[in-house]
Number of protein chains: 2
Amino acid sequence: MTEQGTRSYSPRERMVFSAAQLIRRDGVGATGMRDVAAHADAPRGSLQHYFPGGKEQLIGEAVTWAGRYAARRVTRCLAALPADDRRPSLLFAALVAQWTEECLATDFAYGCPVAAVTVDCADTTDTARTAAAQAFDCWREPLTGALVELGVPATRSAALATLMVSSLEGALLIARAERDIQALTTVVDELGPLLDAAVT
Amino acid sequence: MTEQGTRSYSPRERMVFSAAQLIRRDGVGATGMRDVAAHADAPRGSLQHYFPGGKEQLIGEAVTWAGRYAARRVTRCLAALPADDRRPSLLFAALVAQWTEECLATDFAYGCPVAAVTVDCADTTDTARTAAAQAFDCWREPLTGALVELGVPATRSAALATLMVSSLEGALLIARAERDIQALTTVVDELGPLLDAAVT
DNA sequence: TGGATTCTATGACCACCGTCATAGAGCTTC
DNA sequence: GAAGCTCTATGACGGTGGTCATAGAATCCA
């Protein structure tokens, strides 16, 4: 969620990206439009031009972007699994490892933008809430497919994907609060055997 | 987290309670001090008197209160388990059921205050972050003890408690975003066998 | 009763936020 | 080169937020 590649992004893309970054660090309420523009090195006047729907639209696009990013991450981790040992537990471990490393590298500054938007907007901004729901779906979909590919029966793969995302989100919360990786490693260790046992 | 019992609470207690309620519904940023006083039917002037530390202090006390409340809930659920069938899965199911019912009863308006504070303050307000960490500890401690009492070896009980809280928190997030109970029921169903299998 | 302490009431201050209005650059296209 | 479109620049506005200052009520002991 940090790397942007080498090609240059448009101001609009940068603003969506920056919004996601700031939201997942400070929450929706503490993230101002001016901050987003500044963080993206984008002109403030472009905000109303690219996002005529205002903050609501920007938040929606940011969380949608985050969902797609998470989905890409799943397929990437699946592809990176060792050819000789492709187990669901290793996929989960790889996914969590990315968050773990980021936590350590940034001193637990950043959480999940989808979680932040859900917490801050679930009962007030319906478009944001819907976008968050779609982001979760977008995230779980490739995960479900990956589990099937790894041998989990289709009847259980969706449920296990939900369990994986839930555990990851919750552990990430705890880890951020405690500034300690332990919760993340714990869910990986405890959930691993369960996931592998689901392979038929 | 809704019922207050019958005895009357002091304005100070009510403000802490109301703060927790508003925070877990709207997030920290969207919760104003004036809102808290109004929600608690407490005089606005009392805010600076009872909470000279300002919003930071109020948030801290609210999340601390929430942690203690969650802990009480654990011991209550443990005590309410049927005498003839006391399994960890049933304890977890009972805990999640409380959230599930509340979600349905309130149309998914309320989340977890500890999660909200973590998301909104983890990188900015250290006292709030610390309070959230202690709240998680306060929550997991009786849960760990309960697992031991139900036959889980002490070496694993803490890890499983972390897994339970993580899954619950994450599933609650997803449930709120989707306005659907499914994620909550899924984690209960999928985690149940794992928990019971840990009993020696 | 009188004074001290605790609590309440209210208005004001200042900073910030999201949004709008308006005008100006920069570039394409006929 | 003039029109037209995209994009940028900037100031202003109304509203809200947390906090402070100050004064008033209420309660409780000596």
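In what follows, every chain begins at residue 1, and chains take the letters A, B, ... in the order their sequences are listed. These numbers come from a predicted model, not from an experiment.
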Fill in the blank from the handout: On DNA chain D, more 5' by nearest nucleotide between A/P11 and B/L47 is A/P11
Problem - Spacing between A/I23 atom CD1 and C/dG18 atom P, to the nearest angstrom - result: 11 Å
Handout entry: Integer-rounded Å distance: C/dC16 C1' and B/K55 NZ
Key = 13 Å
Practice task
State whether the number of non-hydrogen atoms from other residues, nucleotides or ligands found under 6.0 Å of A/E141 atom CD is greater than 12.
Solution key: no
Exercise for the section: Can you tell me the distance, in whole Å, between the CG atom of B/D35 and the C1' atom of D/dT16? Expected result: 10 Å
Handout entry: First of A/Q48 and A/R34 reached from the 5' end of DNA chain C, by closest nucleotide
Key = A/R34
Practice task
Report yes or no: does B/T185 contribute a side-chain atom to a donor-acceptor pair with the main-chain N or O of B/Q182 at less than 3.5 Å?
Solution key: yes
Problem - Atom-pair distance (CZ on A/F51; P on C/dT19), nearest Å - result: 12 Å
Exercise for the section: Using a cut-off of 6.0 Å, state whether more than 12 heavy atoms not belonging to B/R72 lie near its atom CZ. Expected result: yes
Exercise for the section: For B/L58 and D/dG17, give me the distance from atom CG to atom P, rounded to whole Å. Expected result: 15 Å
Problem - Donor/acceptor link under 3.5 angstrom from A/R44 side chain onto base of C/dG18 - result: no
Practice task
Measure from CE on A/M33 to P on D/dA9 and round the result to the nearest Å.
Solution key: 18 Å
Handout entry: Any B/Y50 side-chain N or O less than 4.0 Å from OP1/OP2 of C/dT8
Key = yes
Problem - Shortest side-chain distance from B/H49, nucleotide among D/dC7, D/dT19, C/dC7 - result: C/dC7
Problem - Stacked cation flag A/R73 on A/W99, 6.0 angstrom / 45 deg - result: yes
